[in-house]
Amino acid sequence: MFLYAAVLWTVLHTSAFAITNLDQDYRIGWDAREPYHFIDRHGHYEVLGGIDIELMRLIAADAGLKMRFVRTGWSDNLGGLQSGELDVALGAFMENQRASYAWFTDSYRSEKQMLFFSRDDHPHFAPSSVAELLQMVEAEQFRLGIVSGFYYGPVLTPALQEKRLARLIVKANAETQLPGLLIDGDADGFIADRLVGVAAVERAGLSTRIQEYPLVLHEAAVHAMISRKNHDVQDVNRFNESLARLKNDGRYQEVVRHHTAPILLSAALSGRWFSILDIIGTIAFAISGVLIARKENYSLLGAFVLASLPAVGGGVVRDLLVGREPIAIMATPMYLYLVISTVLLGYLLNWLLKFVRGRFLFVFDLSVWIVQLSRYVLPRNVFELFDAIGLAAFTITGVAIASQYQADPLLIWGPLLAAFTAAGGGILRDVFRADAHNPALKVSFYAEIAIVWGFLLSLFLYFLSGQVGADSVRLAVVVTVVGAFITRMGVVVARVHSPRF
């Protein structure tokens, strides 16, 4: 009888624990590490998002668990797992010391630890291995920023803890603080995960000053850690089974792509070269409006409207469609400055030519010189050249916004937003002019180029995996820019028209 009672008590106790274990909130520690876990702003709302966060939510829904996210530093995450105050810590490398107090789930992604620094400050700093990096840190008194409690691999971690390097190691509580160490002069470089480092630099607006050095310091699989004090191996198996289902049905890949593609694409577009293309395109589109205003005798205000519509009108429509706040022309006045300057300069040149015509002899000589030059370099061809550059740049911008604001399906919205950005403003301009001809919709093979190349870039991003680096995305952007430019110039030379309905 006593034995029966003992067995019954054990069964009931175990069942009660299991039920409680399922009903309780899993306390998950997180710290700001975009794109893995971060506060995402949607208009006036703030939402906790990121690859790890969304995967945990999907796993919770699949396994029937309740989860509560608690913001803590990484060191606090480890301490919370040991004490039982936290149930799960995200984004952990497997380490023997951690295995004493936490279960490791199956790997759900990987991380590459990279070095970020300003090459302008250290032009000869070019290590080819981790060992050489450590030697150069000591020899050149290179102050290195790291996150307290992070594991940087079996070679780098113990080396960073040596006393001889202690005064050169600057510790931060989170990776988002690392770029600030360089700007404040507290460090000369920092180590961070490739995606986290790129995102942190982009967020801080330092992409032109801080760059990633092409040396992988440590690469390994990443796991979730589950507290041994609160959970058993069955909970770990439940997590792994749900993770496997996410990978099999494609939801895992979709989450990774949503957060990886915008960061890598933003990094690829952060260079000065793309800014120059963007400026050239904006000016070329504005000139098209100025030329029409002069030909059809519009007022100065009318010229500004005709210039601004092709230059920024398509971008405004695009931003309104995706709910971007603030829209691009309100986030930075540069584009309006370019339009205003183009219109005023065009007005000034037109007025000057009218004023000096017939008054000064050199005007006649200048006219003869322009006529002779135009035999070799037609003004129309020069305009088409710059216009093609603008078309290519705006195609990329449209796809980038579609990816950033997760306009799904990307294979549809990427090409459409590319066309809106590149050709939508010109269509609006001709509608404003009440031009029944409207070449963009009837004759010109123009928007179609943005659609085709926007689709190809979107296709690349759609199949983007978390292992693709920024260099591969940058190459895809360059190919798209060159392809759209050559296609447009070929259309102009061959006088190809859009297929008629």
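Thr105 OG1 to Trp103 CH2: the interatomic distance, rounded to the nearest 0.5 Å, is 13.0 Å. For the atom pair Leu206 CG and Leu182 CG, the distance stands at 8.5 Å (nearest 0.5 Å).
Closest of all the heavy-atom pairs between Ala200 and Thr176 is CB-CA, 4.5 Å. Taking each heavy atom of Ala447 and Ala423 in turn, the nearest pair found is CB-CB, 3.6 Å. Considering every non-hydrogen atom in both Leu81 and Ser227, the closest pair reads O-OG, 2.9 Å. A pairwise comparison of heavy atoms in Leu178 and Ala172 identifies CD2-CB, 4.0 Å as the closest pair. Looking at every heavy atom in both residues, Gly145 comes nearest to Ala187 through N-CB, 4.2 Å. Here the closest heavy-atom approach between residue Trp453 and residue Thr480 is recorded as O-CG2, 3.8 Å.
Within the 4.5 Å cutoff, no side-chain heavy atoms of Leu410 are placed close to those of Leu459. Contact of the Lys171 side chain with the Val147 side chain is not registered, since no non-hydrogen atoms from C-beta on lie closer than 4.5 Å. The side-chain heavy atoms of Leu168 and Phe142, taken from C-beta on, include no pair separated by under 4.5 Å. A heavy-atom distance below 4.5 Å is found between the side chains of Ile396 and Leu269. Using a 4.5 Å cut-off on side-chain heavy atoms (C-beta onward), Phe460 and Val473 make contact. Between Ile146 and Val170, the closest side-chain pair of non-hydrogen atoms is not below 4.5 Å. Side-chain contact between Leu48 and Arg71 is absent, with no heavy-atom pair separated by less than 4.5 Å. Under the 4.5 Å side-chain criterion, counting only non-hydrogen atoms from C-beta, Leu217 is not in contact with Lys112.
Looking at residues two or more places apart in sequence or on another chain, you find a ring pair (Phe, Tyr, Trp, His ring centres under 6.0 Å) between Phe116 and Phe190. Partners of Ser266 according to the side chain to side chain contact (heavy atoms under 4.5 Å, CB included) rule, which considers only residues two or more places apart in sequence or in another chain, are Glu202. Take Val317 and apply the side chain to side chain contact (heavy atoms under 4.5 Å, CB included) test, not counting sequence neighbours, and it matches Leu321, Phe420, Leu428. For Glu132, the side chain to side chain contact (heavy atoms under 4.5 Å, CB included) partners at least two apart in sequence or on another chain are Pro127, Ser128, Ser129, Met136. For the side chain to side chain contact (heavy atoms under 4.5 Å, CB included) test, residues two or more places apart in sequence or in another chain that qualify with Ala422 are Leu391, Phe394, Thr395, Ala450.
Test Asp193, Asp52, Asp31 against Tyr36 for side chain to side chain donor-acceptor pair (under 3.5 Å) and you get one pass: Asp193.
Counting only distance, with no hydrogens or angles, the side chain of Thr332 and the backbone of Ala328 share no donor-acceptor pair below 3.5 Å. A donor-acceptor contact shorter than 3.5 Å links the side chain of Gln177 to the backbone of Asn173. For Asn240 (side chain) and Asp106 (main-chain N/O), a donor-acceptor pair under 3.5 Å exists by modelled atom type. Without hydrogens or angle criteria, Asp278 side chain to Gly281 main chain gives no donor-acceptor distance under 3.5 Å. With hydrogens and angles ignored, the 3.5 Å screen pairs no side-chain donor or acceptor of Arg33 with any backbone N or O of Gly50. Looking only at distances, no side-chain donor or acceptor of Asp184 sits under 3.5 Å from a matching main-chain atom of Asp186. Of the possible donor and acceptor atoms, none in the side chain of Asn77 sits under 3.5 Å from a partner among the backbone N and O of Ala89. Looking at Ser403, its side chain never comes within 3.5 Å of a backbone N or O of Val399 through a donor-acceptor pair. Using a distance-only test at 3.5 Å, with no hydrogens or angles considered, no donor-acceptor pair links the side chain of Asp87 to the main chain of Ile28. Formation of a donor-acceptor pair under 3.5 Å by the Arg109 side chain with backbone atoms of His223 is not found in this model.
Between Glu111 and Arg194, no side-chain nitrogen of the basic residue sits less than 4.0 Å from a carboxylate oxygen of the acidic one, so the salt-bridge criterion is not met. Using a cutoff of 4.0 Å between basic side-chain nitrogens and carboxylate oxygens, Glu241 and Arg238 are not scored as salt-bridged. Salt-bridge check for Arg164 with Glu138: passed, with a basic side-chain N closer than 4.0 Å to an acidic carboxylate O.
The number of heavy-atom neighbours closer than 6.0 Å to OH of Tyr462, taken from other residues, nucleotides and ligands shown, is 12 or below. Atom CZ of Arg245 sits in a crowded spot, with more than 12 heavy atoms from other residues, nucleotides or ligands closer than 6.0 Å. Atom CE of Met330 sits in a sparse spot, with 12 or fewer heavy atoms from other residues, nucleotides or ligands closer than 6.0 Å.
Arg209 and Ser118 share no side-chain donor-acceptor pair at under 3.5 Å. No donor-acceptor contact under 3.5 angstrom links the side chains of Glu34 and His259, judged on distance only. In this model, no donor atom of one side chain and acceptor atom of the other lie less than 3.5 Å apart for Thr72 and Trp30. Checked by atom type, the side-chain pair Gln141/Arg167 shows a donor-acceptor distance below 3.5 Å.
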One pair to check against side-chain contact (heavy atoms from CB on, under 4.5 Å): Gln404 and Ile401. What are the steps and the verdict?
CA-CA 5 Å; Gln404 180 182 353; Ile401 295 299; 4.0 Å; yes

Could you walk me through whether Leu65 and Met67 pass the side-chain contact (heavy atoms from CB on, under 4.5 Å) check?
CA-CA 6 Å; Leu65 304 175; Met67 297 189 177; 4.2 Å; yes

If you apply the rule side chain to side chain donor-acceptor pair (under 3.5 Å), what do you find for Tyr26 with Asn230, and how did you get there?
CA-CA 10 Å; Tyr26 273 54; Asn230 299 336; over 6 Å; no

Do Leu90 and Met225 pass the side-chain contact (heavy atoms from CB on, under 4.5 Å) test, and can you show the C-alpha distance, the side-chain angles, and the key distance before you say yes or no?
CA-CA 6 Å; Leu90 303 174; Met225 291 193 300; over 6 Å; no

Given Met56 and Val88, is the side-chain contact (heavy atoms from CB on, under 4.5 Å) satisfied, shown in steps?
CA-CA 10 Å; Met56 290 302 295; Val88 181; 4.2 Å; yes

Go through the steps to decide whether Arg98 and Glu95 satisfy the test salt bridge (charged side-chain N to carboxylate O under 4.0 Å, His left out), and finish with yes or no.
CA-CA 5 Å; Arg98 296 172 178 175; Glu95 186 186 8; 3.0 Å; yes

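Residue pairs meeting the ring pair (Phe, Tyr, Trp, His ring centres under 6.0 Å) criterion with at least one partner in residues 61-97, sequence neighbours excluded, are Trp74-Phe150, Phe93-His218.
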